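What follows is a set of notes on a single structure, which appears directly below.
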Amino acid sequence: MTKLARDFGLSFGNLPPGTQNAITDVPGVQVGHVTIVDGDLRTGVTAILPHSGNMYREKVRAAADVINGFGKSAGLIQVDELGTIETPILLTNTFGVGACANALIRRAVADNADIGRTTATVNPVVCECNDGWLSDIQAMAVTEETAFAALDAAKDGAVTQGAVGAGTGMSCFGFKGGIGTASRRLSLDGSDYHLGVLVLANFGRVGDLILPDGRRPVPDALPQAERGSIIAVLATDIPLEHRQLRRVSRRCGAGFARLGAFWGHGSGDIALGFSTASRVHHDERRDLIGMRVLNEDRIDDLFRATTDATQEAVLNAMCCAPEMTGRAGHHRPSLGDWLAANDHK
């Protein structure tokens with residue numbers, strides 16, 4: 001049975017998690033995976049849908065924070081400039097970015113025949129990590145069909161974690177990495193809101209990992225330079241504008257650092273956040289539109305929630321991922337196995 005980080009007695013702050021302790025605790029958010037394990041292939045695609053409607057017509061407010069820019073993501077420049085996302089978000093391996101971007105464009109054009117004709121083009125958002133240690137990345141195994149299947153598999157509720165989807169071939173601190181998620185529930189003006197984080201964890205040097213209880217697991221693996229990456233996708237139903245979303249997303253980096261990461265030269269560390277609280281209508285006809293936003297004096301709670309949820313999401317990815325042997329016999333042990341063998345409860 002797959003165990004999460006909390007099942008091993010690890011704790012992460014005092015803010016309560018949502019019902020699923022997942023990014024899907026934010027109402028309307030859906031996640032889907034396609035996993036490819038065949039021969040030397042250990043790869044896939046993960047899709048995050050901010051809502052299930054037409055995202056080109058009804059965009060969500062968004063922001064990205066590039067903590068360290070050694071990455072090949074697509075679409076972040078326009079997110080930074082316009083403050084919106086207008087497609088689902090796809091996560092994949094580095095060489096799968098083009099296929100995933102094409103799939104998002106084709107899906108958007110199929111649903112909006114005026115794209116590139118009588119209205120603007122579409123900005124596909126795809127983020128990546130390099131899974132080449134465990135997978136044959138040169139095989140270019142991720143196709144448009146893979147991306148379509150991940151989009152079609154998206155659902156709400158529990159999120160499968162570990163070596164799944166885009167996380168299939170990822171490594172983390174010398175252990176097996178992958179997809180992980182966590183959430184926090186916050187009360188604002190007497191109402192409950194949620195903030196959730198989903199990570200594609202593929203970062204950290206062997207021996208640098210620090211658990212919340214202070215232990216430092218060291219896998220039986222060769223030391224390597226920090227050449228991995230991590231993508232954190234943050235979702236919330238709290239009303240935030242672009243600048244606030246960037247500030248909150250930036251705190252994902254504090255979660256990475258708590259674990260022992262220092263954002264190395266060769267690591268692409270990126271946080272991408274969005275709010276589902278309101279839609280930005282592509283066909284808006286009014287000159288002036290209203291917007292409800294968080295009182296800035298309350299933002300520290302979101303900073304803390306983001307840091308705690310990011311830290312937990314990474315360790316969930318590692319705890320849920322079993323040991324794996326991949327391309328060229330390369331091997332990654334499981335943090336879950338290490339924790340089970342070193343149970344201190």
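All heavy atoms count here, side chains included; hydrogens, waters and symmetry mates do not. The model shown is predicted, which means the values in this text are computed figures rather than measured ones.
- Residues L134 and S171 are in side-chain contact: their nearest non-hydrogen atoms beyond the backbone lie under 4.5 Å apart.
- L240 and V60 are members of different hydrophobic clusters when ILVMFWY side chains are connected at heavy-atom separations under 4.5 Å.
- Residues Q311 and L10 are not in side-chain contact: their nearest non-hydrogen atoms beyond the backbone lie 4.5 Å or more apart.
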Exercise. Please test F8 against L315 for side chain to side chain contact (heavy atoms under 4.5 Å, CB included), starting from the C-alpha separation and ending with a verdict.
Key: CA-CA 11 Å; F8 292 103; L315 289 176; over 6 Å; no

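- Partners of S183 under the side-chain hydrogen bond (donor to acceptor under 3.5 Å, both in side chains) rule, at least two apart in sequence or in another chain, are D25.
- Remark: side-chain polar atoms of N342 are paired, donor with acceptor, to backbone N or O of W338 under 3.5 angstrom.
- Between R61 and S278, the closest side-chain pair of non-hydrogen atoms falls below 4.5 Å.
- Closest approach of P212 to S11, counting heavy atoms only: CB-O, 3.3 Å.
- No chain of hydrophobic side-chain contacts below 4.5 Å, direct or via other Ile, Leu, Val, Met, Phe, Trp or Tyr residues, connects I231 to V197.
- Side-chain atoms of S267 never come within 3.5 Å of backbone atoms of W263 as a donor-acceptor pair (strictly under, hydrogens ignored).
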Self-check item: Stepwise side chain to side chain contact (heavy atoms under 4.5 Å, CB included) test for V248 and I238
Solution: CA-CA 11 Å; V248 173; I238 298 170; over 6 Å; no

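- Residues satisfying the side-chain hydrogen bond (donor to acceptor under 3.5 Å, both in side chains) criterion with S73, sequence neighbours excluded, are absent altogether.
- Side-chain N or O atoms of S229 include one that pairs as donor or acceptor with a backbone N or O of G268 at under 3.5 Å.
- Salt bridge annotation for R184-E312: present, with a cationic side-chain nitrogen under 4.0 angstrom from a carboxylate oxygen.
- Residues L104 and L198 do not share a hydrophobic cluster, defined by chaining ILVMFWY side chains whose heavy atoms lie under 4.5 Å apart.
- The minimum heavy-atom distance linking D237 with P27 is given by the pair OD2-CD, 3.5 Å.
- Within a 6.0 Å radius of CZ in R298, no more than 12 heavy atoms belonging to other residues, nucleotides or ligands are found.
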Exercise. Tell me, with the steps shown, if F12 and N316 meet side chain to side chain contact (heavy atoms under 4.5 Å, CB included).
Key: CA-CA 12 Å; F12 308 88; N316 280 341; 5.8 Å; no

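- Taking a 4.5 Å side-chain heavy-atom cut-off between Ile, Leu, Val, Met, Phe, Trp and Tyr, the cluster of M291 extends to V293.
- At least one donor-acceptor pair under 3.5 Å links the side chain of R285 to the backbone N or O of D283.
- Grouping the Ile, Leu, Val, Met, Phe, Trp and Tyr side chains by contacts below 4.5 angstrom, directly or via other members, places M318 apart from M324.
- Residues passing the side chain to side chain contact (heavy atoms under 4.5 Å, CB included) test with I77, sequence neighbours excluded: none.
- Residue pairs meeting the salt bridge (Lys or Arg N to Asp or Glu O under 4.0 Å) criterion with at least one member in residues 138-150, sequence neighbours excluded, are R106-E144.
- Shown here for T87 and I85, the closest heavy-atom pair between the two residues is O-CG2, 3.0 Å.
- Across N130 and G132, no two heavy atoms sit closer than the pair OD1-N, 2.8 Å.
- Going from atom SG of C252 over to atom CG of L272 covers 9.5 Å, rounded to the nearest 0.5 Å.
- Applying the salt bridge (Lys or Arg N to Asp or Glu O under 4.0 Å) test to pairs two or more places apart or on separate chains, those with a residue in residues 251-276 are R258-D308.
- When all heavy atoms of A5 and C319 are compared, the closest pair comes out as CA-SG, 3.9 Å.
- Taking both residues in full, the closest heavy atoms of L4 and C320 are given as CD2-SG, 3.4 Å, listed atom of the first, atom of the second, then distance.
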In a table with atom names and distances, give each donor-acceptor pair under 3.5 Å that connects a side chain of residues 43-53 to protein atoms at least two apart or in another chain.
residue	atom	partner	partner atom	Å
T43	OG1	N93	ND2	2.8
T43	OG1	D131	OD2	2.7
T46	OG1	H33	ND1	2.8
T46	OG1	A166	N	3.0
H51	ND1	G53	N	2.9
H51	NE2	E58	O	2.8

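- Annotation: side chain of P333 is not in contact with side chain of D220 (no heavy-atom distance under 4.5 Å).
- Panel note: side chain N202, backbone G228; no donor-acceptor pair is recorded below 3.5 Å.
- Side chain of S334 to backbone of A321: a donor-acceptor contact under 3.5 angstrom is found.
- By the criterion of side-chain heavy atoms lying less than 4.5 angstrom apart, applied directly or through intervening Ile, Leu, Val, Met, Phe, Trp or Tyr residues, F256 is grouped together with L302 in one hydrophobic cluster.
- In terms of the side chain to side chain contact (heavy atoms under 4.5 Å, CB included) criterion, residue partners of M140 (sequence neighbours excluded) are, by chain and number, F95.
- Between atom CG of residue L90 and atom OG1 of residue T146 there is a gap of 10.5 Å, rounded to the nearest 0.5 Å.
- Here the side chains of L259 and L209 are in contact, with some heavy-atom distance below 4.5 Å.
- At least one side-chain heavy atom of F274 sits less than 4.5 Å from a side-chain heavy atom of V29.
- By the side-chain hydrogen bond (donor to acceptor under 3.5 Å, both in side chains) test, N112 pairs with N54, R57, sequence neighbours left out.
- Side chain of T35 to backbone of G165: a donor-acceptor contact under 3.5 angstrom is found.
- Contact check for R247 versus F303: side-chain heavy atoms found under the 4.5 Å cut-off.
- Taking Ile, Leu, Val, Met, Phe, Trp and Tyr as members and joining any whose side-chain heavy atoms lie under 4.5 Å apart, directly or through other members, the hydrophobic cluster of V109 also contains Y56, I105, I115, V122.
- Crowding of D189 atom CG: a count of heavy atoms from other residues, nucleotides or ligands under 6.0 Å not exceeding 12.
- Here D301 pairs with L186, R304 under the side chain to side chain contact (heavy atoms under 4.5 Å, CB included) rule; sequence neighbours left out.
- Around the CD atom of E81, the shell of radius 6.0 Å holds no more than 12 heavy atoms that belong to other residues, nucleotides or ligands.
- Between the side chain of K176 and the main chain of T168, a donor-acceptor pair closer than 3.5 Å is present.
- I230 CD1 to L200 CG: the interatomic distance, rounded to the nearest 0.5 Å, is 8.0 Å.
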Pairs under 3.5 angstrom only: tabulate donor-acceptor contacts from the side chains of residues 147-162 to other protein residues two or more places apart or in another chain.
residue	atom	partner	partner atom	Å
D152	OD1	R107	NH1	3.2
D152	OD1	R107	NH2	3.4
K155	NZ	A158	O	3.2
Q161	OE1	T181	N	2.9

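- Formation of a donor-acceptor pair under 3.5 Å by the R332 side chain with backbone atoms of W133 is not found in this model.
- Contact of the R42 side chain with the R327 side chain is not registered, since no non-hydrogen atoms from C-beta on lie closer than 4.5 Å.
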Quiz item: What do the steps show when you test L335 against F173 for side chain to side chain contact (heavy atoms under 4.5 Å, CB included), and what is the final call?
Solution: CA-CA 10 Å; L335 178 62; F173 293 100; over 6 Å; no

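- The number of heavy atoms from other shown groups lying within 6.0 Å of CD (Q138) does not exceed 12.
- Within the 3.5 Å criterion, the main-chain N or O of N123 finds a donor-acceptor partner in the side chain of E86.
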